Engineer: 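The structure's right below; bear with me while I get my questions together.
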Amino acid sequence: MRPMETPEEIRTRWRYLRDLLIDQLGRFESGALRLHSNDLDVSVGAIAKLKQNILDFDQMISRSEAREL
């Protein structure tokens, strides 16, 4: 059984995941990467919503970190 991760380990993992997502979303927006679902392009709106969700979650983590100080 794995021990629970510390808050710092969770934040480190989140930052890594966030950076990967932002990088891939940038590729979608530039056209360097394309994604199809049921033969339909993923919409620009879906990409924008995902980017906003990433930023919102990142802000929640930042507020949580500030409370811990």
Side-chain angles (χ1 to χ4, degrees):
M1 187 169 174
R2 283 180 49 198
M4 289 185 61
E5 292 176 296
T6 66
E8 182 57 36
E9 290 170 326
I10 292 168
R11 285 189 290 269
T12 299
R13 287 182 56 183
W14 162 246
R15 288 181 186 116
Y16 173 76
L17 177 59
R18 174 198 60 202
D19 291 343
L20 282 176
L21 288 169
I22 289 171
D23 179 60
Q24 287 200 351
L25 289 171
R27 291 184 201 185
F28 286 129
E29 289 176 319
S30 73
L33 186 61
R34 298 196 66 154
L35 179 67
H36 292 268
S37 176
N38 294 330
D39 294 326
L40 298 173
D41 279 332
V42 174
S43 73
V44 172
I47 291 171
K49 183 177 179 180
L50 183 54
K51 282 179 90 172
Q52 187 59 53
N53 288 340
I54 291 167
L55 293 173
D56 291 346
F57 192 70
D58 200 45
Q59 289 174 357
M60 286 189 323
I61 296 229
S62 293
R63 286 192 300 267
S64 174
E65 286 176 319
R67 282 193 301 256
E68 290 177 7
L69 297 177

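Values in this document were obtained by computation on a predicted structure and should not be read as measured data. This chain uses plain numbering: 1 for the first residue, then up along the sequence.
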Engineer: Using a side-chain heavy atom cutoff under 4.5 Å and only I, L, V, M, F, W and Y, what cluster partners does Y16 have?
Structural biologist: L20

Engineer: Residues in side-chain hydrogen bond (donor to acceptor under 3.5 Å, both in side chains) with R11, at least two apart?
Structural biologist: E8, E65, E68

Engineer: Excluding sequence neighbours, so at least two apart, what forms side-chain contact (heavy atoms from CB on, under 4.5 Å) with I22?
Structural biologist: R18, I54

Engineer: With sequence neighbours left out, write down each residue that passes side-chain contact (heavy atoms from CB on, under 4.5 Å) with N53, or none if nothing qualifies.
Structural biologist: K49, D56

Engineer: Honestly curious: do L55 and M60 fall in one hydrophobic cluster under the side-chain, below-4.5 Å linking rule?
Structural biologist: no

Engineer: Using salt bridge (Lys or Arg N to Asp or Glu O under 4.0 Å) as the criterion, list what pairs up with R27, not counting sequence neighbours.
Structural biologist: D23

Engineer: Please name all residues satisfying side-chain contact (heavy atoms from CB on, under 4.5 Å) with R13, sequence neighbours left out, ordered by chain then number.
Structural biologist: R2, E5

Engineer: Using the rule that two of Ile, Leu, Val, Met, Phe, Trp, Tyr join whenever any of their side-chain heavy atoms come within less than 4.5 Å, decide whether F57 and L25 are in one cluster.
Structural biologist: yes

Engineer: Membership question, hydrophobic clusters at under 4.5 Å side-chain separation (ILVMFWY): are I10 and L21 in the same one?
Structural biologist: no

Engineer: Which residues satisfy the salt bridge (Lys or Arg N to Asp or Glu O under 4.0 Å) test with E9, sequence neighbours excluded?
Structural biologist: none

